[in-house]
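Reading through the structure tokens given below for one structure.
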Amino acid sequence: MFQSATIKLTAWYLALMMGLSLAFSVVLYNSSAETLIAAYNHQRTAIRQQLYTSLGFKPTPGDVDELRDTEISAGQQQLLANLTLANIGVLIVGGVASFYLARRTLRPLEETLEAQARFTADASHELRTPLTAMQTEIEVSLRDKGLSVAEARELLESNLEEVMKLQALSNALLTLANQDKGNFELKRVQTGAVLKEAIARAQKVADLKKITIQNKAEDLQVVGSQDSLVQLFAILLDNAVKYSPAESVITLSTSAKGGNAHISVADKGHGIKAEDLPHIFDRLYRADQSRTKQKVEGYGLGLSIAKKIVELHKGAIDVSTKVDHGSTFTVRIPLAAKEDDEKSEA
Ligand code: ADP
């Protein structure tokens, strides 16, 4: 698809260049031919004058005109040859340049489409896994003539679990898709309220593992979307809980530097290996879970959603980590400007 689009765009660019070059050549040819004729006319008078004064010979206008016409047509032919050569040059160089320009124009589009296709394929694969599990369980149970009520209940419970996973996955995929559209409004938001709500969301799972969430963050005013920021810190806290041992401590802290709020979520979990670090923000990427004793649930979408939210806030997200010691995710987002305060008070 992109090959034919590149060829079409190359042809358009080249047609534009050739159109301009040919139009320019026609104008140049006409004006040069006129100058040539005027110059030879002037020369003709001078020759006749010279022949007459030096030789006393008065040539007929026909003799000199014939000479003039031969010279003019030779000059015109030379001009035509030069312009043809220049246009062939434009055709060759322009062809190469047009192809290069077409490739450059279409490459970002091609990359975006490729990324989308990859994402759709990965997402479909993720959706298929729980669906296949459900299908197999249901089929096996249906074949079992003596299925008891207890076994049927067990099947329904297992199916419900898979349905809930599918729901979580489709919600995460929808969040990513909606955020791509950029339907997002920035307002003045208090980080205190954001973190309080995010902690409330993570608290239940933290309690199950007897993990303490320590909130040492001061309340700062930033520019952002309250709901998205809550979602962002809920993801970071959820990960901190998931990847930390029981009875450990997760610490939230903030600092204001250079017009930005820096908000950190630090855990004492198993950390992230150097080879995984460049990929953890990629969609559907999950580091090898074999090091953790129990399987940790997830789809590898949390951090890509977190990154998307941070980018929409014109901020950045960084991680510092040490294997078997823990990780600290730090989010940087712009603080609300002072003038905004004054305007809103007025
Ligand atoms: P998920 O947690 O669903 O696998 P994420 O996108 O949230 O997906 O995270 C991607 C990967 O980054 C995880 O699979 C995990 O390996 C790693 N990771 C994220 N947060 C932490 C953390 N706090 N400690 C250790 N590893 C983490």
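Side chains are part of it too, since the values below use all heavy atoms of this structure and drop only hydrogens, waters and symmetry mates. In each ligand, atom 1 is the first atom listed, and ligand 1 is the first ligand listed.
Using a 30° and 60° split on the angle between ring planes, H279 and Y285 fall in the tilted class, from 30° to 60°.
For A287, heavy-atom contacts with ligand 1 shorter than 4.0 Å involve the backbone as well as the side chain. At a heavy-atom cutoff of 4.0 Å, ligand 1 is contacted by the side chain of I272 but not by its backbone. Here L301 has backbone heavy atoms under 4.0 Å from ligand 1, and that is the only part of it that gets that close. With a 4.0 Å heavy-atom cut-off, ligand 1 is reached by the backbone of Y299 but not by any atom from C-beta on.
Residues I333 and V223 form no side-chain contact, since every pair of their non-hydrogen atoms from C-beta on lies 4.5 Å or further apart. Using a 4.5 Å heavy-atom cutoff, the side chains of H313 and L229 are in contact.
Below 3.5 Å of separation, one finds no N or O of I235 facing any N or O of ligand 1. At a 3.5 angstrom cut-off on N or O pairs, S304 does not count as close to ligand 1. The shortest N/O to N/O separation between H270 and ligand 1 does not fall below 3.5 Å. Backbone and side-chain nitrogen or oxygen atoms of G302 are examined, and one is located within less than 3.5 angstrom of a nitrogen or oxygen of ligand 1. Note: no N/O pair closer than 3.5 Å links Y285 and ligand 1 by distance alone.
The number of heavy-atom neighbours closer than 6.0 Å to CD of E114, taken from other residues, nucleotides and ligands shown, is above 12.
A donor-acceptor pair under 3.5 Å is formed between the side chain of Y299 and the backbone N or O of K165.
Across L173, D282, N171, a single residue satisfies side chain to side chain contact (heavy atoms under 4.5 Å, CB included) together with L301, and that is L173.
Side-chain contact of T330 with S264: a donor-acceptor pair under 3.5 Å is present, judged by distance alone. A side-chain donor-acceptor contact under 3.5 Å links D207 and Q203.
For F329, the closest heavy-atom approach to ligand 1 falls below 4.0 Å. No heavy atom of G269 sits closer than 4.0 Å to any atom of ligand 1.
When D267, V323, N239 are checked for heavy-atom proximity to atom 20 (N) of ligand 1, N239 turns out nearest.
Counting the atoms of ligand 1 from 1 in the order shown, those under 4.0 Å from a heavy atom of K242 are 1 (P), 2 (O), 3 (O). Atoms of ligand 1 lying under 4.0 Å from any heavy atom of G298, numbered from 1 in the order shown and given with element: 3 (O).
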Start with the C-alpha gap between E197 and R201, add the side-chain angles, then the distance that decides, and say whether salt bridge (Lys or Arg N to Asp or Glu O under 4.0 Å) holds.
-> CA-CA 6 Å; E197 205 178 322; R201 285 197 199 177; 3.8 Å; yes

